[in-house]
Amino acid sequence: MRWLMKSGGMGQKEWTALAATLMAGVGLTRWLWPQLEPAYSLPLLPPWPWQQPASSKPTAAPLQVLSKGWQARNLGNPAALRYPACWQSLPRTPWDLALFNGRLYVGLGNAANDGPTANAGPVPVWAYALDQGRWQQEASLSEEEISRFVPHGQQLWITGADARGSWRWGNLYRRSSTGGLWWQERRLPSFIHAYDLAWHQGAMVVAGNVPDAVTSGPAMERHGSALAVSRDGGRRWSVQRLAGWRATALLPLAGELFAVEALPGPGLKRWLQAGGRWQRFAAVHQLRPDGLWQARQDISAIDLLPGVPGAWQRFAWIERATPAQNQLAWIGSLGPWRDDPARRLAFIAKRGESGRIQVQPIPLRSGVQVMDLIAKQAGWLLLTSEQRASQRWRSQITAVHASGQRINQTPRLSFEAELPAWSLASDGTTFWVGLGHPPFQPETTPVPCSAADQLSGSVLAISPASQPAEFE
C-alpha cells in the first residue's frame, strides 16, 4: 500500500479521501439499490454434479404400525443436508410435497421471525427422481421457506413466502417440464409475502402482504394484505391493497374467484382497530370482470368456518384451497379460543342454488389435526394426524367425497410414528408423506433434543405390499 501511494504520486491525505469516497459510494449503492432495483427474470443454477448427494437405496421406514397390505420405504431426509442439527426440526419439516414430471418435490424452511431457527433461508429446492432413486438439489431460493407448490399445466410454481431481498419486489418461481432450470420471477410490486397463486379467466392472481397497505400510522405498522393480478403471464401486475393483515388463500369456486384474509382473533382485531382499519375489514373479496376486487361483507368467518366455536372471535388462517370438480376444500388453522385448543380442520364449499357459498366441515374426532389435502378424481385425499402419546402420532389417509349435504369418508391406510405426517402426494397407487414438527407445539431447542426430532424431514413412500420392496 505504501509503495502504491509513493509510485502513484498520492499522499496519505489523498488516499484517505479516496477511500472515504469509495466507502460512501458503496453505502449509497446499498441504499439506492432497494429503491431502484428493476423487475427481472433470472435462471437459477443448480449445484455442481459433485456437490449433489450420492444415490442410496431406500431403507426401512421409521413406522411403528402400518395398515395391513401396505409397505413403507424411507426415501431419506434431504432437509438434514441444509439443517443438520437435531434441534432444527422445524425448518426440516416438509411443508408441502408435489409430484411433477417424474420427480417428488419437497418444501422446507421457516419464515417465522422468532425462535431458534427464525428466518431459515436461503432454502434449497430438493427433488427425488423416481426413476433414479436419488435426491437432487435443483436450486437455492432467496426465501425463508417453501410452503406451497402450485402445479399449472406443464409448469410447477412456488410462491415466495418470505423473500430475503428488498421489499421492492416479491418473488414467484417456476419450472417447466421441458426445461431443466428454475426461474426466479422477481416482479410482484412491493410484496413481502406471496401465499397463494391461481389462474382465473386468463389472469394470474397472487394473494399476500405488502409493506404499504395503508398510508397513515407509524411506518412499521402500515403493512397489510394485498392482491395482485397479471394479464400478461406475470410480467406486469396491478395491486389492490386491502384493510387486513394478510391475504392467505385464493378460492376458485363455480367460475368465480374469491380471496380470503387472515381472520382476526382478539390481538389482530386490536391491531386493525388501532390502525383505523377495522371498519373497512372484510373477510372475503371477489374478483370482478374489470380486474378489481369487491369486498364481500356478506360472507363472514362464521360462514367460512361453520361449526367452529367462536369462529368470529378466534384467529384463523385458511390455506391449501383445493378444487375438485365444482367444489372446493380448504384447511383452516385455528388459534385457541376459551377451552377449545388450537386446531387444524377441513371444510368443503360449493355454490348453492341461490348463489351463496355453502360450506360444510369434514367431520373429525376431537384431537385429530388436518395436515394436508390433495385433489383426487371426484374428491380429495385427506391427511390427518392425531397424537396418541408423547412422541407417538397416528396419521391416516382418507378418501373424501361430497354429495349433496353428505360427506363420505373412506380410510385408505394409517400408520404410527414418532412425528406426525405433514404433507401428502400420490400418483394413484403410491402415497408419499413427509414427517415433521408437531403442530402447535413449541419449537425444539438445542437442549434437550430427542431422537424423534431427528426424524423431522424424513420422506416416506407407502405402496401396496404386492409391489416388490427395495431395502438395503
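If you read the sequence from its start, that first residue is 1, and numbering goes on from there. Quick caveat: nothing in here was measured; it's all calculated off a predicted structure. The figures here come from the full heavy-atom set of this structure, side chains too, leaving out hydrogens, waters and symmetry mates.
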To the nearest 0.5 angstrom, please state how far the CZ atom of Arg187 sits from the CZ atom of Arg235. 4.0 Å
Roughly how far, to the nearest 0.5 Å, is CZ of Arg92 from CG of Asn110? 12.0 Å
Using a strict threshold of under 4.0 Å (side-chain N to carboxylate O), is an ion pair present between Glu319 and Arg344? yes
Can a salt bridge be assigned to the pair Arg392 and Glu416 using a cut-off of 4.0 Å between side-chain N and carboxylate O? yes
Verify the ring-centre separation between [Y] and [X]: is it less than 6.0 angstrom?
| X | Y | result |
| --- | --- | --- |
| His152 | Trp157 | no |
| Phe431 | Trp70 | yes |
| Trp245 | His193 | no |

Could you go through the salt bridge (Lys or Arg N to Asp or Glu O under 4.0 Å) check for Glu138 and Arg103 one step at a time? CA-CA 11 Å; Glu138 293 190 348; Arg103 295 190 166 202; 2.5 Å; yes
Can you say whether the rings of Trp50 and Trp48 are parallel (under 30°), tilted (30 to 60°) or perpendicular (over 60°)? parallel
Please verify the inter-ring angle class for Trp182 with Phe149; under 30° counts as parallel, over 60° as perpendicular, anything in between as tilted. tilted
Exercise: do [X] and [Y] side chains pair donor with acceptor under 3.5 Å:
| X | Y | value |
| --- | --- | --- |
| Arg73 | Gln71 | no |
| Glu261 | His285 | yes |
| Gln88 | Thr117 | no |
| Ser423 | Asp372 | no |

Around atom CD of Gln51, are there more than 12 heavy atoms of other residues, nucleotides or ligands at under 6.0 Å? yes
Ignoring hydrogens and angles, tell me if any N or O in the side chain of Ser456 forms a donor-acceptor pair with the backbone of Gly436 under 3.5 Å. no
Derivation of the salt bridge (Lys or Arg N to Asp or Glu O under 4.0 Å) call for Arg164 and Glu144: CA-CA 7 Å; Arg164 292 174 61 84; Glu144 310 295 3; 3.0 Å; yes
Residues forming a salt bridge (charged side-chain N to carboxylate O under 4.0 Å, His left out) with Arg82, sequence neighbours excluded: none
Apply salt bridge (Lys or Arg N to Asp or Glu O under 4.0 Å) to Arg320 and Asp96, showing your working. CA-CA 10 Å; Arg320 300 194 178 278; Asp96 197 15; 3.3 Å; yes
Run the salt bridge (Lys or Arg N to Asp or Glu O under 4.0 Å) check on Asp340 and Arg314 step by step: do they pass? CA-CA 10 Å; Asp340 192 32; Arg314 67 194 299 176; 2.7 Å; yes
